[in-house]
Amino acid sequence: MARPDLQLSHLQHEKIEGHDATSRICLALAHVPPGRVVTYGGLAELAGLPRAARLVGQTLRKLPKDTKLPWHRVVNAQGRISIPEPGYQRQKRRLEDEGITLVRGKVDLERFRWQP
DNA sequence: ATATTGACGAGTG
DNA sequence: GCACTCGCCAATA
């Protein structure tokens, strides 16, 4: 992995192709707008890596704590937060701060899923 | 080079 | 809804 955490300013107009898996995932993630969410599998597809949902999880897991990337906008296919405490609370808080509410522990994907 | 490991997902009972 | 299995795939060990 050449670049574990790319800076947003460097991502904006960069092409997806030609990067390693980690970079492509970060690039795709940087495009997910506030107030919307994507699933791990969905992000993998956006990154051009179909069926690499687990790789997305593995990649997000090691992002630096102070990353500017919207890691919190990624939930699992059931709309549930997929990380253990204390991360769970951190992510939930961040989502709610963007107006994304969790009903019975789940995000309503019908309403908040982002589709470019 | 082989085996294990998941912030996963779809299918089944 | 819950528990389990199986397939997936790159990173790690």
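Chain A is the first sequence line, chain B the second, and so forth, proteins listed ahead of strands; every chain is numbered from 1.
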In Å, rounded to the nearest 0.5 Å, how long is the span from [atom1] of [X] to [atom2] of [Y]?
X	Y	atom1	atom2	result
A/Ile81	A/Arg90	CD1	CZ	11.5 Å
A/Trp71	A/Arg94	CH2	CZ	5.5 Å
A/Ile25	A/Leu63	CD1	CG	9.5 Å

How close do A/Arg36 and A/Ile100 get, heavy atom to heavy atom, and via which atoms?
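Shortest heavy-atom separation between A/Arg36 and A/Ile100 comes out as N-CD1, 3.8 Å.
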Which pair of non-hydrogen atoms, one from A/Arg73 and one from A/Leu95, has the smallest distance, and what is that distance?
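What the structure gives for the nearest pair is CA-CD2, 4.3 Å.
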Rounded to whole angstroms, how far apart are [atom1] on [X] and [atom2] on [N]?
X	N	atom1	atom2	result
A/Gln89	B/dA7	CD	C1'	15 Å
A/Trp71	B/dA7	CH2	P	14 Å
A/Ile25	B/dC8	CD1	C1'	12 Å
A/Tyr40	B/dC8	OH	P	5 Å
A/Glu45	B/dA10	CD	C1'	13 Å
A/Leu95	B/dA7	CG	C1'	13 Å
A/Gln78	B/dG11	CD	C1'	12 Å
A/Leu60	B/dC8	CG	P	10 Å

Quick one: which protein N/O atoms are closer than 3.5 Å to N/O atoms of nucleotides 6-10 of chain C? Pair and distance per line, please.
residue : atom : partner : partner atom : Å
C/dG7   : O6   : A/Arg54 : NH1          : 3.0
C/dC9   : OP1  : A/Arg51 : NE           : 3.1

A/Lys62 vs B/dA7: side-chain N/O to OP1/OP2 distance below 4.0 Å:
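Answer is no, no contact under 4.0 Å.
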Could you tell me whether the side chain of A/Arg24 and the main chain of A/Ala47 form a donor-acceptor pair under 3.5 Å?
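Such a contact is found between A/Arg24 side chain and A/Ala47 backbone.
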